[in-house]
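Remarks on the structure that follows.
To find a chain, count down the sequence lines: A is the first, B the second, and so on, and within it residues start at 1.
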2 protein chains.
Amino acid sequence: MMKRQYPTLAEVAKVAGVSLMTASRAINNRPGVSPEKREDILRIADEMGYVVNRAAQKLSGARTRIIAVVAELHTPFTSDLVLGMGAVARAADYEMLVYSLPVCDRRPPGSILDLLHQIADGVIVILPYESDYLESVVSAHIPVVTIEQGAVSAFPSVTADNYQGAISALQHLIELGHRRIAFISGNDRLTSARDRRRAYRDILAQARLPYDPDLEVAGDFSRKSGFEAANKLLALPDRPTAIFAANDISAYGAIAAIREAGLSVPGDISVVGFDDIPIASQLHPQLTTVRQPLQQMARASVNLLLALVAGLDAPSEQIVLPTQLIVRESTTPLKARKRKDEAVKVGVGR
Amino acid sequence: MMKRQYPTLAEVAKVAGVSLMTASRAINNRPGVSPEKREDILRIADEMGYVVNRAAQKLSGARTRIIAVVAELHTPFTSDLVLGMGAVARAADYEMLVYSLPVCDRRPPGSILDLLHQIADGVIVILPYESDYLESVVSAHIPVVTIEQGAVSAFPSVTADNYQGAISALQHLIELGHRRIAFISGNDRLTSARDRRRAYRDILAQARLPYDPDLEVAGDFSRKSGFEAANKLLALPDRPTAIFAANDISAYGAIAAIREAGLSVPGDISVVGFDDIPIASQLHPQLTTVRQPLQQMARASVNLLLALVAGLDAPSEQIVLPTQLIVRESTTPLKARKRKDEAVKVGVGR
DNA sequence: CAGCGGAACGTTAGCGCTAACGTTCCATCG
DNA sequence: CGATGGAACGTTAGCGCTAACGTTCCGCTG
């Protein structure tokens, strides 16, 4: 086990007939080696199948050109984000390692963060919780960028404008004439969820619509919670004509419930989601939703991190990227108000 | 940047008033330290916020209790698998690091595999391609387990029984009376896709059904390809009464196409998928599909790897796990054959 | 041609850790 | 009571690499 099989730099240097340090310089493309010798060394290293030992490299204080990402990987949103980051990192000639957090586990991820610190030049944390522990664990050894960390965060962060995004979705519904607008919330551990909820309450006040606690149902971003929340809403004596769900997945859960109740989307109830996950444009009905600027978030976070790694100080920068309302099939203007009650009794299909 | 902030073992030892090595033994729970002193050292280490430097640990030849996973993370199937592995690894007091392969990039992932070797005690590769490069890159430094690697693989592997799974799906359709059964293939780079295709051809022969090349349409596991493939099938003069799609995603693509054509599933055409992704039981219609034993695959692969890490030699073991046919709503017995032509003209809705 | 500077290399000293081997000390035994 | 052996500890030598210096040598200047 563990028989060394890769050659070491020293062996390469020996074969090439140069000193260890010259070989190191050649491999790392640093000055101080004549062009011929450099080429020679590189050729020999290649022939011998030499690869640098990153552990040793990092141990002796150098850059490894690796960044680490810590995330819960169970949603399309996060995994797409991670994919995007990988692409950006690779484009910058960095490699990216992912630590997949145990889903919904509040305990600190233990030594793994430390480990990543020891390996990587920087860390991106997609940890949307108000995690008190994060700051204690992640001390200032290497740069850290957070995604969706609340304003509390001591780290530079990149986030989508959840508040404005939710506002635009709700504004859309109001412009369509809806007055009884329900909200299916997300997991309130997440700042993003809280921002969307805040937008809901604010816009009601702003549009001088009454706030009805019955119309604000707790969810957790899951399809199931959307389904159940919608059922609660449908059971109300005066049910809403529009639903804003805190994310696309729960929006589709709500749609399923609405349909099972014999109602149609958007005929009877308009539904808006949040995220614009890929299938939102493919499933029927195509979902009106708020698009998160995934690619830009990936790009911005990686670039910010690399800037920090390079030693440029972007002092605790908070980047907020704009969202975009994507209007598709699941929303429609409110029909003449009177028809609503009729619809309840007749149970209008699609 | 990089100011050392974690204390080193030496510093802990100094504070504890013992030698470096005694501290190491205490921390690593090795014999040779008196119980009191051990407790003392552990307490002090904890107070000082000591964490081992894995890079150094690995460099000096020890275990790191980390396993690495290399995978394309863009499908629910792989990301769920990775999630499962993480849980199993954690249960065994191992940490897991993920390297997300660039999607559909055939080039070798370069130095990252070597890197993982240098950090991890073992690697699991979810690389369903017949990748010639894999074997050259991954040499025998640390144990490697592959998922879905073809039989060609030189490594121990864990895989679902794609062939039997496909057989059971097709058998199901045949038992329902279907005779014109189409196949939407997957990406043939993947051994799993090839196995499913092989099953398709075999079962036709076995059931003495004619093989019609028109009924075997190329796909690539994507929703779009399923959609387009179904359209091709619907355009045939004598269209199939059942479709077996190589995975769930493309099955849903096919269903969308069938519906757009004004036909119903399973009323006009039965559809079977493969994988049993979570939403297969939630979307309408609930999909009849072949369940891959995800949890078992995760468990088996991690356990196999850890066994190898522990030095037990499981000589090039190939574990094949059984699949399970899940019959839901998307398949139904073939109606009286004669009705088929009628249906074409009338365009039976649901 | 002495003097100097800079490119091209080599040497040394660690980074933090562990394996392997020393050393100390004390209980046990013939 | 000296020999013995084993537990408890300490010391040393690296793992593979790089930063920070040395050293060499050559071309150039005045």
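Residues A:Met96 and A:Ala89 approach most closely at CB-CB, 4.4 Å, considering heavy atoms. When all heavy atoms of B:Pro7 and B:Met48 are compared, the closest pair comes out as CG-O, 3.2 Å.
For the pair A:Glu11 CD and D:dC15 P, the computed distance is 10 Å after rounding to whole Å. To the nearest angstrom, C1' of D:dG16 lies 14 Å from NZ of B:Lys58. Protein atom CG of B:Asn29 is 13 Å distant from nucleotide atom P of C:dT18, rounded to whole Å. Spacing between atom CG of A:Asn53 and atom P of C:dC15 amounts to 18 Å, rounded to whole angstrom units. For the pair B:Leu59 CG and C:dG14 C1', the interatomic distance rounds to 12 Å; values are reported in whole Å.
Between B:Tyr94 and the options B:Ile66, B:Val88, B:Asp121, a side-chain contact (heavy atoms from CB on, under 4.5 Å) holds for only B:Asp121.
The shortest side-chain heavy-atom distance between B:Asn162 and B:Ser192 falls under the 4.5 Å cut-off.
Salt bridge annotation for A:Glu47-A:Arg43: present, with a cationic side-chain nitrogen under 4.0 angstrom from a carboxylate oxygen.
Among the nucleotides C:dA19, C:dG16, D:dG16, the one closest to the side chain of A:Ser60 is D:dG16.
With rounding to the nearest 0.5 angstrom, the CG atom of A:Leu306 is 7.5 Å from the CD1 atom of A:Ile124.
For B:Gln57 and C:dG16, the shortest distance from a side-chain N or O to OP1 or OP2 is not below 4.0 Å. Considering only side-chain N and O atoms, A:Asn28 lies under 4.0 angstrom from the phosphate OP1 or OP2 of D:dT18.
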Reading 5' to 3' through nucleotides 6-11 of chain D, protein heavy-atom contacts under 4.0 Å coded B for base, S for sugar-phosphate only, - for none: --SBBB

